[in-house]
Number of protein chains: 2
Amino acid sequence: MKWQRMHKARANCVACPVLSQGLCGALNDQEALRLSSVSWHRRFSAGQIIHAEGEKPSYFCAVMTGVVKLMKSLPNGDQQIVGLLLPGDFLGRPFGGDSRSSAIAATNVRLCSFPRAVVEGLASESRVVERWLLDHVSDELEKAQDWIVLLGRMSAEQRIATFILSVMRSTHFEDAAAPKSCDEILIELSLSRTEMADYLGLTIETVSRQIARLRERGVIKVGASRTMIIRQPEALEATLEAALPGEGPKSTVRI
Amino acid sequence: MKWQRMHKARANCVACPVLSQGLCGALNDQEALRLSSVSWHRRFSAGQIIHAEGEKPSYFCAVMTGVVKLMKSLPNGDQQIVGLLLPGDFLGRPFGGDSRSSAIAATNVRLCSFPRAVVEGLASESRVVERWLLDHVSDELEKAQDWIVLLGRMSAEQRIATFILSVMRSTHFEDAAAPKSCDEILIELSLSRTEMADYLGLTIETVSRQIARLRERGVIKVGASRTMIIRQPEALEATLEAALPGEGPKSTVRI
DNA sequence: CGAGCACCTTGATCTAGATCAAATGGATCA
DNA sequence: TGATCCATTTGATCTAGATCAAGGTGCTCG
């Protein structure tokens, strides 16, 4: 009986990105059993609130499919997306208090949820789990710092290019030596123009115009339902090399 | 002899902010001894590079006095400060690889440095240390997310106000029920105009002009050598309530 | 004491991106 | 089949903040 439960538990997880790329992959069989035996799956459709700002979450969730946006609202109604969670990512701050941002499904989403206490217990007992959490949060911090650079110093064009490239790379995770077999890369943006604007610190009109410019230049081809074909990835990368060609840094390096 | 070393080790640390607010405060005597027996102090003067982007740091450092800026440079020479480290804060990503930003002394700085291996060993063995690191990184992540909101959605005026308030709060950590005894609060900015601009995603001229406006309105009084007297903290807070008085949110709440 | 230098302020002008305003397109539904 | 409701695009205009360009201010050092 126990064996069967274990077997069933793992069977549920075979195709799960949380096993291949997320927390579960770091667990041994016993830990995985413990976690999967108390886990349950939830679905959210695009736009649904998964977790509201200021509440203490009762669960930790791993994203199985879809995209979750973490957002903060300003008193004037403006919003800013402070992070996107992709399959394998983790929602909730272990050992933390109230959440400082709300989590909202950007697309249809499937989550694997674990009671708070179980994950915290596991982290307290298992070296590996706590280490995984530390690494994961550290990665998130580095991503946030990259975003700070984007928001603090990049032009609208560069922000859009960065975003498109990051979506491209997150799906078409090409190996170091990119084979460049199919030159036309189809990507799915997953976000509405409004969401892109909230993520990139722009307005919806600016996002739309910048995408239009890329289309006119033949860099991308805009498809239906938030898809896009990248025809000249190099052109996107070129806009990120902000230094004018032929010039070194403008003046002496500041320290 | 051993006892004496232990005694000496702790004696060095008595007045250290890393003990009262940082990692060391979380340690037991044995752990503290282990750490302090291999620690050494380093001084950096303002502008010196503590650690360059892209190198793997050999030490972890706790900030004892002064301010350290974490910065990233863009190919065109622009710079963005992605974080400030204050006394008690920690420099270096445990178990991480190459550093993704450079650490530079913004003021004269005293650091308490530990060999990488010792901190990692301590973290691997001590529940408390690893937990402290997790909490610390999680706090940094939340601060970074707040900064993302600042850079993505706030006006220059609001950015300056936020910065001044944060400096004020980090020094005059007033209790919940603020006594408001001395109405004039003297703060030390610690950053040059250029550094403020790099931190706030603005230009130096804009920073200067916004500060001038606050001075003209009587909200602050600008002193010599990067000091400032806050005369109307409420006025600073008021600029952050971006919603126009008497109005609710502009339109229906977006989801 | 004045030259040199780093930092900061102030002024004039320009522009990327915001704002305001319509038009277009694409789904759903009766 | 069109009416409704979206999201998106496109156009016209405005403005906050960038950029360009002098001046101040205060410091150190010969």
Side-chain angles (χ1 to χ4, degrees), chain A residues 45-47 74 76-80 106-107 150-161 163 188-216 220-228 239 242 244 250-255, chain B residues 45-47 74 76-80 106-107 150-161 189-216 220-228 239 242 244 250-255:
Chain A
S45 44
L74 286 107
N76 65 0
D78 271 6
Q79 302 192 308
Q80 175 70 41
T107 64
L150 178 138
L151 294 173
R153 292 292 170 217
M154 287 193 190
S155 67
E157 181 184 21
Q158 292 175 315
R159 297 181 199 200
I160 295 284
F163 175 71
E188 175 145 354
L189 294 180
S190 305
L191 299 187
S192 68
R193 294 287 183 265
T194 301
E195 287 167 328
M196 288 178 63
D198 286 344
Y199 193 33
L200 299 171
L202 299 170
T203 59
I204 172 177
E205 294 95 330
T206 299
V207 170
S208 187
R209 272 186 258 266
Q210 291 296 338
I211 289 179
R213 281 191 54 203
L214 289 174
R215 178 167 38 71
E216 286 155 18
I220 61 172
K221 195 156 164 267
V222 179
S225 68
R226 295 169 191 179
T227 64
M228 196 176 263
T239 70
L244 303 177
K250 225 181 267 177
S251 59
T252 51
V253 174
R254 291 201 319 249
I255 294 187
Chain B
S45 44
L74 285 106
N76 65 1
D78 271 7
Q79 301 192 309
Q80 176 70 40
T107 64
L150 177 136
L151 294 172
R153 292 293 171 217
M154 287 191 189
S155 67
E157 181 185 20
Q158 292 174 317
R159 296 182 198 199
I160 296 285
L189 294 180
S190 305
L191 299 187
S192 69
R193 294 287 184 266
T194 301
E195 287 167 328
M196 287 179 64
D198 285 345
Y199 193 34
L200 299 170
L202 300 169
T203 58
I204 173 177
E205 295 95 331
T206 299
V207 170
S208 188
R209 272 186 256 265
Q210 291 295 338
I211 289 178
R213 281 192 55 204
L214 289 174
R215 176 169 39 71
E216 286 155 17
I220 61 173
K221 194 154 166 269
V222 179
S225 71
R226 294 170 192 178
T227 63
M228 196 175 263
T239 71
L244 303 176
K250 225 182 266 176
S251 59
T252 50
V253 175
R254 291 199 322 245
I255 295 187

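Order of the sequence lines fixes the chain letters, A, B, ..., with proteins taken first and strands second; residue numbering starts at 1 for each chain.
- Spacing between atom CD of B:Glu195 and atom P of C:dC7 amounts to 9 Å, rounded to whole angstrom units.
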Taking N or O atoms only and anything under 3.5 Å, show me the protein contacts with nucleotides 24-26 of chain D, one pair per line.
none

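- OP1 and OP2 of D:dG17 both lie 4.0 Å or more from every side-chain N or O belonging to B:Thr206.
- Here the straight-line distance linking atom CG of A:Asp198 with atom CG of A:Asp78 works out to 8.0 Å at 0.5 Å rounding.
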*asked:* Assess the residue pair B:Met196 and B:Ile160 against the criterion (side-chain contact (heavy atoms from CB on, under 4.5 Å)); give the C-alpha distance rounded to whole Å, side-chain angles, the decisive distance to 0.1 Å, and a yes or no.
replied: CA-CA 9 Å; B:Met196 287 179 64; B:Ile160 296 285; 4.2 Å; yes
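- You'll find that the side chain of A:Arg215 is closest to D:dT10, out of D:dT10, C:dA18, D:dG17.
- Contact of the B:Arg159 side chain with the B:Val207 side chain is not registered, since no non-hydrogen atoms from C-beta on lie closer than 4.5 Å.
- Residues passing the side chain to side chain donor-acceptor pair (under 3.5 Å) test with A:Arg193, sequence neighbours excluded: none.
- As a whole-Å value, the separation of B:Glu157 CD from D:dG17 P is 9 Å.
- With rounding to whole Å, A:Leu200 atom CG is found 11 Å from C:dA18 atom P.
- Across all their heavy atoms, A:Gln210 and A:Ala156 have their closest contact at NE2-CB, 3.9 Å.
- Rounded to whole angstrom, the span from the CG atom of B:Leu202 across to the P atom of D:dT19 amounts to 11 Å.
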Using a cutoff of under 3.5 Å, can you pull out all pairs of nitrogen or oxygen atoms linking the protein to nucleotides 23-27 of chain C, with atom names and distances?
none

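- Checked by atom type and distance alone, the side chain of A:Glu188 never pairs as donor or acceptor with a backbone atom of A:Thr227 at under 3.5 Å.
- Between the side chain of A:Gln79 and the main chain of A:Leu74, no donor-acceptor pair closer than 3.5 Å is present.
- Nucleotide C:dT9 holds its P atom 8 Å from the CE atom of B:Met228, rounded to whole Å.
- Nearest to the side-chain atoms of A:Gln210 among the listed nucleotides D:dT19, D:dT8, C:dG17 stands C:dG17.
- B:Gln158 places a side-chain N or O within donor-acceptor distance of the main-chain N or O of B:Thr239, the cut-off being under 3.5 Å.
- OP1 or OP2 of D:dA18 lies within a sub-4.0 Å distance of a side-chain N or O belonging to B:Thr203.
- B:Arg213 has no side-chain polar atom (N or O) that falls below the 4.0 Å cut-off from OP1 or OP2 of D:dA16.
- With D:dT8, D:dT10, C:dC8 as the candidates, the nucleotide lying closest to the side chain of A:Ala212 is D:dT10.
- Within 4.0 Å (heavy atoms only), A:Ser225 reaches no atom of the nucleic acid at all.
- Side-chain atoms of A:Leu189 and A:Phe163, non-hydrogen and from C-beta on, do get closer than 4.5 Å to each other.
- If you check every strand for non-hydrogen atoms under 4.0 Å, A:Ile211 touches nothing.
- Here the CG atom belonging to B:Leu214 is positioned 15.0 Å from the NZ atom belonging to B:Lys221, to the nearest 0.5 angstrom.
- At least one donor-acceptor pair closer than 3.5 Å links the side chain of A:Arg153 to the backbone N or O of B:Leu202.
- Axis deviation across the helix from C:dC1-D:dG30 to C:dA30-D:dT1 amounts to 30°, comparing end segments of five pairs, rounded to 10 degrees.
- Counting to the nearest Å, the P atom of C:dG17 and the CZ atom of A:Arg153 are 14 Å from each other.
- With sequence neighbours excluded, the residues that form a side chain to side chain donor-acceptor pair (under 3.5 Å) with B:Thr206 are B:Thr203.
- Remark: side-chain polar atoms of B:Arg213 are not paired, donor with acceptor, to backbone N or O of B:Ser208 under 3.5 angstrom.
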All N/O pairs under 3.5 Å across the protein-nucleotides 11-14 of chain C interface:
unit_1: C:dG11; atom_1: N7; unit_2: B:Arg209; atom_2: NH1; d: 2.8
unit_1: C:dG11; atom_1: O6; unit_2: B:Arg209; atom_2: NH2; d: 3.3
unit_1: C:dA12; atom_1: N6; unit_2: B:Arg209; atom_2: NH2; d: 3.4

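- When heavy atoms are screened at a 4.0 angstrom cut-off, A:Arg159 is found touching no nucleic acid atom at all.
- At least one side-chain heavy atom of A:Ser192 sits less than 4.5 Å from a side-chain heavy atom of A:Arg226.
- Atom CG in A:Asp198 sits roughly 12 Å away from atom P in D:dT8 (whole-Å rounding).
- For A:Arg193, the listed nucleotide lying nearest its side chain is D:dT8; candidates were D:dT8, C:dG17, D:dA18.
- Rounded to an integer number of Å, the gap from CD1 of B:Ile204 to P of D:dA21 is 16 Å.
- Distance CG/B:Leu151 to CG/B:Leu200: 7.5 Å, rounded to 0.5 Å.
- Between D:dA7 and A:Ser192, no contact under 4.0 Å exists linking OP1 or OP2 to a side-chain N or O.
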